[in-house]
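Let me begin by presenting the structure, written as structure tokens, before commenting on it.
In what follows, chains are A, B, ... by sequence order, proteins preceding strands, each numbered from 1.
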There are 2 protein chains.
Amino acid sequence: MTDTLSRTFAALADPTRRSMLDRLTLGVASVSELAAPFSMTLPSASRHLKVLEEVGLISKGRHAQTRPCRIEPALLQDVDEWLKPFRRFYAQRLDMLSDYLDTLNQGEGHGFNSDRP
Amino acid sequence: MTDTLSRTFAALADPTRRSMLDRLTLGVASVSELAAPFSMTLPSASRHLKVLEEVGLISKGRHAQTRPCRIEPALLQDVDEWLKPFRRFYAQRLDMLSDYLDTLNQGEGHGFNSDRP
DNA sequence: GTCATAATTACGTCCTTTGCTAAGTACGCA
DNA sequence: TGCGTACTTAGCAAAGGACGTAATTATGAC
């Protein structure tokens, strides 16, 4: 389990860490701010943020005593890219992509049948 | 770590299991077929498939002695849905979504531009 | 310098995961 | 009914993850 995608998925396999990432879509936040919604101790929350930082899903700056955290989107994009080959299995249920994938299936003939599950 | 999304990400946090899912995009395959590319023993590979089945990423049928496996796309779609709020952080680099998101950013509510290429 | 705040590190414990080997189950066929 | 193939279960050891408490570093205010 040493590759980047595996470590990314492992980091996302925790509801606390996903919730922290959700919070960060609203903007930069300190460790304490990110820890506040949870019932765990600050060291535990800090370790979750360290996991996110070490894998590369967030980065931390410095401002006085606080460590402002922000999202680093590259790995989430990697996850998105990994999902691509699977989209045709549920494309008809995806609002955002349905028209695009319908077009792809009808026209381009990129090597797969649109009537396969 | 009992919620579905956490168990899904945990199941995907293993290169063997992701590789098995990749293989299943080509169509149904038996346990032995899915295990063949890996250097591990058959019981270990079978256990990986059991993890995928228990979380709901694949399902197994029965055909003589074989257990044909197929992808169950619902959870991958859940992952896709979870990614949605993060797409705006890397949208300009996503081929598939760039047109849609450009439209969105220009002020449209949520309609899909149907006269797009 | 002294003190308070923000965050991290150290350490111990519990639980889960992953791999192996060996044994067991389910099915089709002669 | 007995045999081979396909797969699963059982049991064990090694490794990793998540939590808490206690101690430590880093910065700013006084």
Which distance, rounded to the nearest 0.5 Å, do you find between the [atom1] of [X] and the [atom2] of [Y]?
X	Y	atom1	atom2	result
A/Leu57	B/Phe86	CG	CZ	9.0 Å
B/Lys60	B/Ser30	NZ	OG	11.0 Å
B/Leu52	B/Thr8	CG	OG1	10.0 Å
A/Glu54	A/Leu49	CD	CG	11.5 Å

Which of parallel (below 30°), tilted (30 to 60°) and perpendicular (above 60°) describes B/Phe9 and A/Phe9?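 It falls in the tilted class, 30° to 60°.
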
Please report, rounded to the nearest Å, how far the [atom2] atom of [N] is from the [atom1] atom of [X].
X	N	atom1	atom2	result
A/Leu52	D/dG17	CG	C1'	14 Å
A/Leu49	C/dA7	CG	C1'	10 Å
A/Glu53	C/dT9	CD	P	9 Å
B/Lys60	C/dC27	NZ	C1'	16 Å
B/Glu54	C/dT16	CD	P	14 Å
A/Glu33	C/dA7	CD	C1'	13 Å
A/Arg62	C/dA7	CZ	C1'	9 Å
A/His63	D/dA26	NE2	C1'	15 Å

Every protein N/O within reach of nucleotides 18-21 of chain C N/O, cut-off under 3.5 Å:
unit_1 : atom_1 : unit_2  : atom_2 : d
C/dT18 : OP1    : B/Arg17 : NH1    : 3.2
C/dT18 : OP1    : B/Arg17 : NH2    : 3.0
C/dT18 : OP2    : B/Arg17 : NH1    : 3.4
C/dG19 : OP2    : B/His48 : NE2    : 2.3
C/dC20 : OP2    : B/Thr41 : N      : 3.2
C/dC20 : OP2    : B/Thr41 : OG1    : 2.9
C/dC20 : OP2    : B/Ser44 : OG     : 2.5

Are A/Lys50 and A/Glu53 within salt-bridge range, i.e. N to O under 4.0 Å?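 Looking at A/Glu53 together with A/Lys50, the answer is no, because their closest N to O distance does not fall below 4.0 Å.
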
For C/dA7 and A/Lys50 - does any side-chain N or O of the residue sit under 4.0 Å from the phosphate oxygens OP1/OP2?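 So the side-chain polar atoms of A/Lys50 never come under 4.0 Å of the phosphate oxygens OP1 or OP2 of C/dA7.
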
Kindly point out which of C/dA7, D/dG28, D/dT8 is positioned nearest to the side chain of A/Ser30?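 Nearest to the side-chain atoms of A/Ser30, counting from C-beta on, is C/dA7.
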
Taking the minimum atom-to-atom distance to the side chain of B/Gln65, which one of C/dG28, C/dT8, C/dA7 wins?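 Output: C/dG28.
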
Apply the test salt bridge (charged side-chain N to carboxylate O under 4.0 Å, His left out) to residues B/Asp3 and A/Arg18: give CA-CA distance (whole Å), side-chain angles for both, the deciding distance (0.1 Å), then the verdict. CA-CA 12 Å; B/Asp3 62 295; A/Arg18 286 199 310 283; 2.7 Å; yes

